[in-house]
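In what follows, a single structure is set out as structure tokens and then discussed.
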Amino acid sequence: QVQVAESGGGLVQAGGSLKLSCAASGNIFNIHAMDWYRQAPGKERELVARITSGGATNYEDSVKGRFTISRDNAKNTVYLQMVSLKPEDTAVYLCNVDATWQSSIGGYRGSYWGQGTQVTVSS
């Protein structure tokens, strides 16, 4: 089993910065990818950034040049550094972890979600 917990959200003014953290815990065998999604009220959930086990990164077009995803493998943690925030970035930010965990029977690969952290950018 894998637990996922996000932190770092808050209220900032337009142009401000925030750094989000997502920590995975449990009897993890391997993490294949870690993703940041966001969902604003009345809108579809969208993938914001992804980092793979090989370190490759991908970003949604609207955040390119402003958001940076990184990881700390020793801590099973992924970060999202956000700068030049805009009101349209306001959303609940959710972390998803693609991981294999070790049970008493064998390995199991699944997709695990955190509860989300609120980011609000005022104009």
For a quick test of reading the model, state the closest non-hydrogen atom pair linking A40 to A91 and the distance between them.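 Smallest heavy-atom distance, with atoms named: N-CB, 3.8 Å.
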| Applying the 4.5 Å side-chain criterion to the ILVMFWY set and letting contacts propagate, would L80 and V121 be lumped into a single cluster? |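 Yes; V121 is reachable from L80 via cluster members.
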Q) What about Y112 and Y93, same hydrophobic cluster or not, with Ile/Leu/Val/Met/Phe/Trp/Tyr joined at side-chain heavy-atom distances under 4.5 Å? A)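 Shared cluster, yes.
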Any donor-acceptor pair under 3.5 Å linking the side-chain atoms of [Y] with those of [X]?
X	Y	result
T52	H32	no
T90	E88	no
Y37	W113	no

| request: Check whether the ring centres of W36 and F67 lie less than 6.0 Å apart, and answer yes or no. | output: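 No.
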Inset, instruction - Would you sort out whether S123 and K86 count as a side chain to side chain contact (heavy atoms under 4.5 Å, CB included), showing the intermediate values? - result: CA-CA 8 Å; S123 60; K86 305 175 181 179; over 6 Å; no
Could you measure the distance from the [atom1] atom of [X] to the [atom2] atom of [Y]? Nearest 0.5 Å is fine.
X	Y	atom1	atom2	value
L94	L47	CG	CG	11.5 Å
Y79	R71	OH	CZ	12.5 Å
C22	M34	SG	CE	4.5 Å

**Side-chain (E6) to main-chain (G116) donor-acceptor, under 3.5 angstrom** =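 Yes; at least one donor-acceptor contact below 3.5 Å.
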For the backbone of I69 and the side chain of Y59, can you confirm whether one donor and one acceptor N or O come within less than 3.5 Å of each other?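 Yes.
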With sequence neighbours left out, write down each residue that passes salt bridge (charged side-chain N to carboxylate O under 4.0 Å, His left out) with R50, or none if nothing qualifies.
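If we apply the salt bridge (charged side-chain N to carboxylate O under 4.0 Å, His left out) test to R50, skipping adjacent residues, the hits are D35.
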List the residues meeting salt bridge (charged side-chain N to carboxylate O under 4.0 Å, His left out) with D89, not counting sequence neighbours, and say none if there are none.
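Salt bridge (charged side-chain N to carboxylate O under 4.0 Å, His left out) list for D89, sorted by chain: R38, R66.
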>> If the test is side chain to side chain contact (heavy atoms under 4.5 Å, CB included), which one of L18, V92, L20 qualifies with T117?
In response: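 Checked L18, V92, L20 against T117; only one passes side chain to side chain contact (heavy atoms under 4.5 Å, CB included): L20.
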Side-chain heavy atoms of [X] within contact of [Y], under 4.5 Å:
X	Y	answer
V119	M82	yes
V78	C95	yes
V12	S122	no
E46	Q39	no

**Prompt:** Do S111 and V97 pass the side chain to side chain contact (heavy atoms under 4.5 Å, CB included) test, and can you show the C-alpha distance, the side-chain angles, and the key distance before you say yes or no?
**Reply:** CA-CA 6 Å; S111 181; V97 180; over 6 Å; no
message = Going by side-chain hydrogen bond (donor to acceptor under 3.5 Å, both in side chains), name the residues that satisfy it together with N76, two or more places apart in sequence or in a different chain.
response =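 Once residues adjacent in sequence are excluded, N76 has no partner under the side-chain hydrogen bond (donor to acceptor under 3.5 Å, both in side chains) criterion.
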- Message: Walk me through whether V2 and V4 qualify under side chain to side chain contact (heavy atoms under 4.5 Å, CB included).
- Response: CA-CA 7 Å; V2 177; V4 179; 4.3 Å; yes
### Query
Should the heavy atoms of other residues, nucleotides or ligands under 6.0 Å from CZ of F29 be counted, would the total exceed 12?
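Not more than 12 within 6.0 Å, no.
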